[in-house]
Every structure is written in C-alpha cells, then in structure tokens.
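Written out below as structure tokens is the structure these notes cover.
Atoms considered below: every heavy atom in the structure, side chains included; atoms not considered: hydrogens, waters and symmetry mates.
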Number of protein chains: 2
Amino acid sequence: MTDTKNVKSRGRPRNFDVDEAVGKAQALFHQRGYDAVSLADLTGALAINPPSFYAAFGSKADLYGRALERYAKTEGLDFDRLLAPEKPLNEALADLFDAAAVAYTTHPEATGCLVIEGARGGTDAVACDKAKTLWRRSRQVVRDVIADRAADRADEITDYVMAVLAGLSASARDGLGAARLRAIGRTASLAFMSDKAR
Amino acid sequence: MTDTKNVKSRGRPRNFDVDEAVGKAQALFHQRGYDAVSLADLTGALAINPPSFYAAFGSKADLYGRALERYAKTEGLDFDRLLAPEKPLNEALADLFDAAAVAYTTHPEATGCLVIEGARGGTDAVACDKAKTLWRRSRQVVRDVIADRAADRADEITDYVMAVLAGLSASARDGLGAARLRAIGRTASLAFMSDKAR
DNA sequence: AGGATTTTGTAGTGACTGATACAAAAAATG
DNA sequence: CATTTTTTGTATCAGTCACTACAAAATCCT
C-alpha cells in the first residue's frame, strides 16, 4: 500500500534518505533519551528543515516510534535464538544475560537498551507508551519461551529475567563496561544452577 | 551559620513551612521525575509564587537536591543496618533486596528509588549529577561493607548488588507489586547461597 | 513612630519547545 | 508548454520553560 522509494512518485523528489534519517534519529535518542533530543537537534542532524521533517515523519513521537522499531529489528536481543527450546534453562538465561551485557555496551556513546530506558518515561507520555509497548512485547516473548520449560514458574522467572535486563541496562548507563556487565550477568544466572530456585 | 526557623529573623515572616515544602517537592519528583515536574507544578503544589520559591530554594535543581537528601535520610535504605557485619553475606544481601522490594513499593503513586531513577537523567545535567552523586555514595557504602567480608570480590559483588537494586527499582516503576518484587529479590540472592559464586 | 529588612503578589522576561503557513522549486503527467 | 503533485526553504506560530524586576506588605530594631 505504502509506496516504496524506488517507485517514482510524482512531485518534487525528497532530498534525503528517510531510512537513513531514522537511523540517525535512533542514535540520537539512544545517546540522550527522548526528552533531551529537541526538534532542532533532529533537523540539525538530518540537515533538513522542520516542514520536511513533519512531512516525512508526522511528529517527533512518531519518529521515535520508528526508531524504536528499527532498534528492535537491528539491535534488539534475539530472544527466540538465545532462549532456544533445546537449551537447558540455566544455560539459556546465561546466554541471554551475556548477550545483553554485550549489546548494551556495543555503542560506547549510546549505552543501555533504548527500549528499557525509553519505557522509564519522562515528559512525553505518548513516547513513553511506545517504548512500554515494545518492552511488554519483549516480556511476552520471554514468558512464552520460558513457559515451555517451567510453566508453573513462568511468571516468576520472567519477572526476574526482565529485572536483570533492566539492571544490566541501568548499569551500562552508569558507565560499566562489557566485562563488568558480563560478570553481573554470570552472577545473575547462578540463581538457576541446580534446582536451588525452588 | 544558617539560621534555624525558630530563631526570629528580621523582615516579613515566611508564609509557608520550608521543610514541609521540600517534602511535597520530594513526593512530586518521585511521582513524575525531575523533568516532568515544572516550576508551575511546584509553586502550585506549595501554594506560593515564583519569587517566594526562588528566595527559599534558589532554583529548581537546588530544591531537587534538597529533596534527594531528604529522601536518602527518611526513606533511603539503611545499608549499614541491613548489611550489618555480623550477618552472613548471603543473608545480608537477601535482607537488602527484600528491604528494597518493600521500600520501592511503599508509595503506590511514587514507585522505585528516587535516586536511581533520577540518576538515569533526562534534560537537566545538573539535576542528574546530584542524583548520580548520591547513587555513587550509596555504592561506596555498599562496597565498604561488603569489602569487610569478601575483599577480593568486593567490586564484583557491588556491581551485582547495585544492578539488582536498579532492576528492582525499574520493575517497581513497571508496576510490579511488593510480592513480585520480593520474589525477584529472593531469586537474586540465590546467587550467594553456598559458595556457588566462585 | 521611623528606618531597616525580608517576603509577598503582580506581572512580566527571554529562550526554547514542538509544530505550521505559505509560496517558490522540482519533479511527473497531460 | 501547462497542469498537477510533492518537497523545499523562509519565517514564523502559540505555548511552556525556568526565572526576575518591582513595589507593596509585614515583621523587627531603635
């Protein structure tokens, strides 16, 4: 329905690449957070004027939504792979925490998880809700995968897993490097060694 | 040096209680976060006008600093008590996580830790730094207490403890109640049962 | 009472926020 | 070429932000 960019449309051609712009916006939002990125920052970084911005993205919050989706697609954790059914639960969670530790520190200037930090909200409730929706979706995916192995404790374990991810993201924002983050993840996964977790 | 309120000062008497005002501000900041509380919100809640506000508190960020200190004094975790030297480490950490789970959910409209959430920053770097300073101070206290029992792994364990606290605060903001938060804390403390944590 | 001092309320300040009105420019279509 | 369609740049918009200038009001001191 929505025309792709290679289809020649009618009027004056756009002077900038929309997908590339979403990527730049994603980086800005990840570095500074939604509130701290102004429209002037965005139009400055994209080298366009406000009318072009609004014609292309609708609003700041809408662009944020696209940046969030792009982040989830390109940099988000692959829960289905990390928590593959054939892995033992303890091993799967250890892998998940380790992957998070690495992912949250790959960009030294944009640490932590864009979704988690965005879901913590600020001034704009609409933008916060967009992040919260993605966060809830991730939670649901995690819960479903865990439920296959420990149906009775799925909610409890999911609470713990999401809390650990949030803790890792916060620690990454605090400035902890990958090594220290991975150590945290290793300790967090100890809870599932043997059947200690009653 | 700074005169206390019972000392009769010279000019027109103040029309509101400063300490009480700091308490109200603390509640507002805790509920919505620094950025989402405007000066109009504050002066409205305190039923005063901007000039009275600035004469009493200097700036919004300064009042935030006072609110943070008040929070640490009145609602902050008592690390020295919770991590008392005579307790075994695993028990002490379990107590700490449990106390955090309770503290972060006592005010249903102001969940999580004011310091932790404030340290995650937003628009105002000065305000964020004030929270970060308190967060670092807490970290130092925790580290010192842990170092008495496990000097070689003090940093590693401290990283983990602070990450768990951040995860609990984030989960509280997510809407999890005390029971689910306490379950997270219990699971997080399993890492220190026996000598699994190598 | 009269002067000194501090807080008060009224009414603003400039700077920035996200978002637009409008017309010229640049392309496809007829 | 003329029309249609879309994007562009210029110049804003109203609203909110944290913050103040100023003078009247309310207290203490002499």
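- Both Gly11(A) and Gly11(B) sit near DNA chain D, but only Gly11(A) has its closest nucleotide nearer the 5' end.
- If you take CG of Asp35(B) and C1' of dT17(C), they are 13 Å apart, rounded to a whole angstrom.
- Counting to the nearest Å, the P atom of dT8(C) and the CG atom of Asn15(B) are 6 Å from each other.
- Taking the side chain of Pro51(A) as heavy atoms from C-beta on, and the options dT8(D), dC19(D), dT8(C), the nearest nucleotide is dT8(D).
- Taking only side-chain nitrogens and oxygens, Ser52(B) never comes nearer than 4.0 Å to OP1 or OP2 of dT7(C).
- Of the residues Val145(A), Val164(A), Leu82(A), the one that meets the side-chain contact (heavy atoms from CB on, under 4.5 Å) test with Leu96(A) is Leu82(A).
- Look at CD1 on Ile48(A): it is 18 Å from P on dT6(D), rounded to the nearest Å.
- At the heavy-atom level, Pro13(B) lies under 4.0 Å from the strands shown only through sugar-phosphate atoms.
- dT7(C) atom P lies 16 Å from atom CG of Leu46(B), rounded to whole Å.
- Residue Arg180(B) places its CZ atom among more than 12 non-hydrogen atoms of other residues, nucleotides or ligands, all under 6.0 Å distant.
- At a cut-off of 3.5 angstrom, the base of dA27(C) holds no donor-acceptor pair with the side chain of Arg10(A).
- The nucleotide whose nearest atom lies closest to any side-chain atom of Tyr54(A) is, among dC19(D), dT8(D), dG18(C), dG18(C).
- For the pair Phe53(B) CZ and dA11(C) P, the interatomic distance rounds to 22 Å; values are reported in whole Å.
- The interatomic distance linking Phe57(B) (CZ) with dC19(D) (P) rounds to 13 Å, in whole Å.
- The side chain of Ser9(A) places no N or O atom within less than 4.0 Å of a non-bridging phosphate oxygen (OP1 or OP2) of dT6(D).
- Under the 3.5 Å distance criterion, with hydrogens and angles disregarded, no donor-acceptor pair is assigned to the side chains of Asp174(A) and Ser171(A).
- Between Asp124(B) atom CG and dT16(D) atom C1' there is a gap of 16 Å when expressed in whole angstrom units.
- The residue Asn49(B) sits close to a base: some heavy atom pair falls under 4.0 Å.
- Nearer the 5' end of DNA chain C, as judged by each residue's closest nucleotide, is the contact made by Ala55(B), out of Ala55(B) and Val37(A).
- In this structure, CG of Asp17(A) is placed 14 Å from P of dT7(D), rounded to the nearest angstrom.
- Heavy-atom neighbours of Arg173(A) CZ from other residues, nucleotides or ligands within 6.0 Å: above the threshold of 12.
- Among the heavy atoms of the strands lying under 4.0 Å from Phe16(A) are primed sugar atoms or P, OP1, OP2 only; no base atom is included.
- A parallel orientation is assigned to the rings of Tyr34(A) and Phe29(A), their planes being inclined by less than 30° (bins at 30° and 60°).
- Of the candidates dT7(C), dG9(C), dA19(C), dT7(C) carries the atom nearest the Arg14(B) side chain, counting heavy atoms from C-beta on.
- Between Arg12(B) and Pro50(B), it is Pro50(B) whose nearest contact on DNA chain D lies nearer the 5' terminus.
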